[in-house]
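Take a look at the structure set out below.
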Amino acid sequence: MTYEYILFDLDGTITESGTGIINSVKYALNKMNIGINDESVLRRFVGPPLMDSFMNFYEMNEKEAEQAVRFYREYFSERGMFENQVYDGFIDTVKRLKNSGKVLAVATSKPEEYAVPIADKLGFSEFFDKICGATMDSSRTAKSDVIRYTLETMGLTEYKCKVLMVGDRENDIYGAKENGIASMGVLYGYGERKELEDAGADYIAETVRDISDIILSI
């Protein structure tokens, strides 16, 4: 199968964004007077929708999670979104893909309102035809919904067999499956091999370079 359209997750796939996300989560928890007993849990916030993470990892109800997200965004919009850097080698990888004729897009659970300026600030927006993300409200937050929105925006709903989703967490893989497209898990981000394999990733890339190597060899 040859994939002509490649969708990329943002956090943990294009950028090493953990510092900004974790600092924003810490800020939100502090504002809600919630202590942090295990800082390793904070790494699990990188990738999945925030509402889900606050509810799953800190046993918040929906109303509490909504407030936590508001606090998170106070820090993130001012500082956290730019406590972030592109992974070494990623620009070379997308250049290879573009030069081979692939069409690239971003499909992220991060609100589009943040994803676009991050891409502009960090200098990779020029390589992507579309940058699609979640909404600031709850109307589009799940990865499956973001991927569906990306496919519709790009006019790819009739070409799913030519689309590949690349991401570092299980929600990227499950979201791809729910939309009937293939997926590639990457190991340099925040997910682990077992997580990605258990979710059913069609391909596994250990390094940034492996992404283009695998795609261009198919």
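At a threshold of 4.0 Å, the pair Asp92-Arg209 does not count as salt-bridged, since none of the basic side-chain nitrogens sits closer than that to a carboxylate oxygen. Of the charged side-chain nitrogens involved, none lies within less than 4.0 Å of a carboxylate oxygen, so that Arg44 and Asp52 do not count as a salt-bridged pair. A salt bridge does not link Arg169 to Asp172: none of the charged side-chain nitrogens sits closer than 4.0 Å to a carboxylate oxygen.
Side-chain contact between Phe71 and Asn30 is absent, with no heavy atoms from C-beta onward closer than 4.5 Å. Annotation: side chain of Glu62 is in contact with side chain of Met51 (closest heavy-atom distance under 4.5 Å). For the pair Leu216/Lys102, a side-chain contact is recorded, criterion being any heavy-atom separation below 4.5 Å from C-beta on. Side-chain contact between Met81 and Lys121 is absent, with no heavy-atom pair separated by less than 4.5 Å. Residues Ile211 and Tyr188 form a side-chain contact, since some pair of their non-hydrogen atoms from C-beta on lies under 4.5 Å apart. Considering only heavy atoms from C-beta on, Ile181 comes within 4.5 Å of Leu7 through its side chain. A 4.5 Å side-chain heavy-atom check between Asp129 and Lys98 finds at least one atom pair inside the cut-off. In this structure, Phe124 and Leu10 have side chains that are in contact, with non-hydrogen atoms separated by less than 4.5 Å.
Interatomic distance, CG of Leu104 versus CD of Glu126, reported as 11.5 Å (0.5 Å rounding). Here the straight-line distance linking atom NZ of Lys143 with atom OG1 of Thr141 works out to 11.5 Å at 0.5 Å rounding. Here the CE atom belonging to Met136 is positioned 3.5 Å from the OH atom belonging to Tyr114, to the nearest 0.5 angstrom. Between the OG atom of Ser109 and the CG atom of Leu50 there is a distance of 9.0 Å, given to the nearest 0.5 Å. For the atom pair CD1 of Ile218 and CE of Met184, the computed distance is 5.5 Å after rounding to the nearest 0.5 Å. Atom CD1 of Ile21 and atom CG of Leu42 lie 11.0 Å apart (nearest 0.5 Å).
Between the Glu195 side chain and the Glu170 main chain, a donor and an acceptor come within less than 3.5 Å of each other. Listed for the Thr135 side chain is a donor-acceptor partner under 3.5 Å among the backbone atoms of Arg140. Within the 3.5 Å criterion, the main-chain N or O of Ser144 finds a donor-acceptor partner in the side chain of Asn179. Remark: side-chain polar atoms of Tyr190 are paired, donor with acceptor, to backbone N or O of Gly18 under 3.5 angstrom. A donor-acceptor contact shorter than 3.5 Å is absent between the side chain of Asn84 and the backbone of Gly80. A donor-acceptor pair under 3.5 Å links the side-chain atoms of Thr93 to the main chain of Val208, judged by distance alone. Within the 3.5 Å criterion, the main-chain N or O of Ile214 finds a donor-acceptor partner in the side chain of Ser217.
Counting all heavy atoms, side chain and backbone alike, Pro49 lies closest to Ala142 at CG-CA, 4.2 Å. Heavy atoms only, all atoms of each residue included: Ala176 and Ser183 are closest at CB-CB, 3.8 Å. When all heavy atoms are compared, the tightest approach of Val146 to Cys132 is CG1-O, 4.1 Å. Of all non-hydrogen atoms in Ile14 and Phe128, the two that sit nearest each other are CD1-CZ, 3.9 Å. Contact record, Tyr87 with Thr13: CD1-O, 3.6 Å, taken as the closest heavy-atom pair. Glu112 and Gly133 get closest at one heavy-atom pair: OE1-N, 3.0 Å.
In this structure, Ile91 is a member of the same hydrophobic cluster as Val186, with clusters built from ILVMFWY side-chain heavy atoms closer than 4.5 Å. In the hydrophobic clustering of ILVMFWY residues, with side-chain heavy atoms under 4.5 Å counting as a link, Ile215 and Val103 come out apart. One hydrophobic cluster holds both Ile22 and Ile118 under the rule that ILVMFWY side chains link at heavy-atom gaps under 4.5 Å. Put simply, Val86 and Val116 are part of the same group of oily side chains (I, L, V, M, F, W, Y) that touch within less than 4.5 Å, one to the next. Note: the hydrophobic cluster containing Leu164 also contains Val94 (ILVMFWY, side chain heavy atoms under 4.5 Å, direct or indirect links).
In summary, the aromatic rings of Phe90 and Phe8 are positioned with their centroids under 6.0 Å apart. Aromatic rings from Tyr27 and Phe76 are positioned such that their centres are separated by 6.0 Å or more.
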Please assess Val163 against Met154 for the test side chain to side chain contact (heavy atoms under 4.5 Å, CB included), listing each intermediate value before the final yes or no.
CA-CA 11 Å; Val163 183; Met154 297 182 70; over 6 Å; no
Is there a salt bridge (Lys or Arg N to Asp or Glu O under 4.0 Å) between Lys177 and Asp202? Walk through the geometry before answering.
CA-CA 10 Å; Lys177 282 185 173 300; Asp202 296 290; 5.2 Å; no
Step-by-step side chain to side chain contact (heavy atoms under 4.5 Å, CB included) determination, Leu196 to Leu187:
CA-CA 9 Å; Leu196 296 168; Leu187 298 182; 3.7 Å; yes
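Here the options are Glu83, Lys31, Lys26, the test is side chain to side chain donor-acceptor pair (under 3.5 Å), and the partner is Tyr75; only Glu83 passes.
The environment of Glu74 atom CD is dense: over 12 non-hydrogen atoms of other residues, nucleotides or ligands sit within 6.0 angstrom. The number of heavy atoms from other shown groups lying within 6.0 Å of CD (Glu78) does not exceed 12. Dense packing is recorded around CG of Asp198, with more than 12 heavy atoms of other residues, nucleotides or ligands lying under 6.0 Å away. Environment of NZ in Lys130: sparse, with no more than 12 heavy atoms of neighbouring residues, nucleotides or ligands closer than 6.0 Å. Atom CZ of Arg70 sits in a crowded spot, with more than 12 heavy atoms from other residues, nucleotides or ligands closer than 6.0 Å.
Within the structure, the ring-ring contact (aromatic ring centres under 6.0 Å, His included) test picks out no pair touching residues 145-168 (sequence neighbours left out).
Taking the six-membered ring where the residue is Trp, Phe45 and Tyr58 present tilted rings, their angle falling between 30° and 60°.
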